[in-house]
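Whatever order the structure lists them in is the order used to number ligands and atoms, beginning at 1. One-based numbering along the sequence shown. Owing to the predicted nature of the structure, the values given are computational and were not obtained by experimental measurement.
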Amino acid sequence: AAENTRRITLGQVNQLRPKLPLLKILQAAGAQGEIFTLKEVMHYLGQYIMVRQLYDKRQQHMVYCGGDQLGELLGLESFSVKDPSPVYDMLKRNLTSAAM
Ligand SMILES: C[C@@H](c1ccc(Cl)cc1)n1cnc(-c2ccccc2)c1-c1c(C(=O)NCCN2CCN(C3CCCCC3)CC2)[nH]c2cc(Cl)ccc12
């Protein structure tokens, strides 16, 4: 119990370690290091989509990731940012807890 309290106090809770294929994508979007919060992972994935111009300029909620590493990870050609479930499923497969 004390250990968990310490972790929460020090904000170590919810530190996540991406598996290598996801880490490479985050680093391509400017991420430093190997341990992130979920918020940081989502931020860098958003940046990645922007930088790689994977979103449709006219229908900006559509992401066309076929042929990109992101599409490989998601197992999808495209998805809508309005339905995050495929992204969360991918993150479940590609993030491990970095807790001590
Ligand atoms: C609500 C949030 C979201 C977050 C997670 C999920 Cl699983 C779905 C949806 N979201 C809403 N639109 C986007 C988005 C749309 C097109 C291109 C880039 C991002 C995002 C995504 C963010 C993000 O960090 N978003 C910050 C504000 N965004 C507004 C949209 N802005 C751009 C929209 C296209 C035109 C240029 C601005 C960028 C900043 N991170 C993501 C990561 C992925 Cl795998 C997929 C989508 C996003």
Protein heavy atom under 4.0 Å of [atom]:
{"atom": "atom 10 (N) of ligand 1", "result": "no"}
{"atom": "atom 18 (C) of ligand 1", "result": "yes"}
{"atom": "atom 26 (C) of ligand 1", "result": "no"}
{"atom": "atom 40 (N) of ligand 1", "result": "yes"}
{"atom": "atom 29 (C) of ligand 1", "result": "no"}
{"atom": "atom 32 (C) of ligand 1", "result": "yes"}
{"atom": "atom 43 (C) of ligand 1", "result": "yes"}
{"atom": "atom 7 (Cl) of ligand 1", "result": "yes"}

Handout entry: From Val63, Val81, Val41, Leu54 - option closest to atom 15 (C) of ligand 1 by heavy atom
Key =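 Going through Val63, Val81, Val41, Leu54 one by one, Val81 has the nearest heavy atom to atom 15 (C) of ligand 1.
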
Problem - Joint cluster assignment, Leu74 & Met62, ILVMFWY side-chain distance < 4.5 Å - result: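 No, no single cluster joins them.
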
Problem - same_hphob_cluster(Leu23, Ile35) at 4.5 Å side-chain heavy-atom cutoff - result: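 Leu23 does not cluster with Ile35.
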
Problem - Pairs where residues 40-68 contributes a residue and the test salt bridge (Lys or Arg N to Asp or Glu O under 4.0 Å) is met, not counting sequence neighbours - result: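 Residue pairs passing salt bridge (Lys or Arg N to Asp or Glu O under 4.0 Å), neighbours aside: Arg52-Asp68.
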
Which of the atoms in ligand 1, numbered in the order shown and given with their element, are less than 4.0 Å from a heavy-atom of [X]?
{"X": "Val87", "answer": "7 (Cl), 44 (Cl)"}
{"X": "Pro84", "answer": "7 (Cl)"}
{"X": "Gly46", "answer": "18 (C), 22 (C), 40 (N), 41 (C), 42 (C)"}

Do [X] and [Y] come within less than 4.5 Å of each other through their side chains, counting heavy atoms only?
{"X": "Gln15", "Y": "Thr37", "value": "yes"}
{"X": "Leu91", "Y": "Leu16", "value": "no"}
{"X": "Met42", "Y": "Phe36", "value": "no"}
{"X": "Val87", "Y": "Val81", "value": "no"}

Nearest-0.5 Å distance, [atom1] of residue [X] to [atom2] of residue [Y]:
{"X": "Phe79", "Y": "Met90", "atom1": "CZ", "atom2": "CE", "value": "8.0 Å"}
{"X": "Tyr48", "Y": "His43", "atom1": "OH", "atom2": "NE2", "value": "15.0 Å"}
{"X": "Leu70", "Y": "Leu54", "atom1": "CG", "atom2": "CG", "value": "6.5 Å"}

Practice task
Considering only non-hydrogen protein atoms, determine which one is nearest to atom 36 (C) of ligand 1 and report residue, atom name and distance to 0.1 Å.
Solution key: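 Answer, as residue, atom name and distance: Met50 SD, 3.8 Å.
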
Practice task
Considering heavy atoms of the protein only, find what lies nearest to atom 16 (C) of ligand 1 and give residue, atom and distance to 0.1 Å.
Solution key: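 Heavy-atom neighbour on the protein nearest atom 16 (C) of ligand 1: Gln60 O, 3.6 Å.
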
Handout entry: ligand 1 to Met42 polar contact by distance, N or O atoms, under 3.5 Å
Key =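 Yes.
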
Exercise for the section: Between Ile49 and ligand 1, find which residue part has any heavy-atom pair under 4.0 Å and reply side chain, backbone, both or neither. Expected result: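 Just the side chain.
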
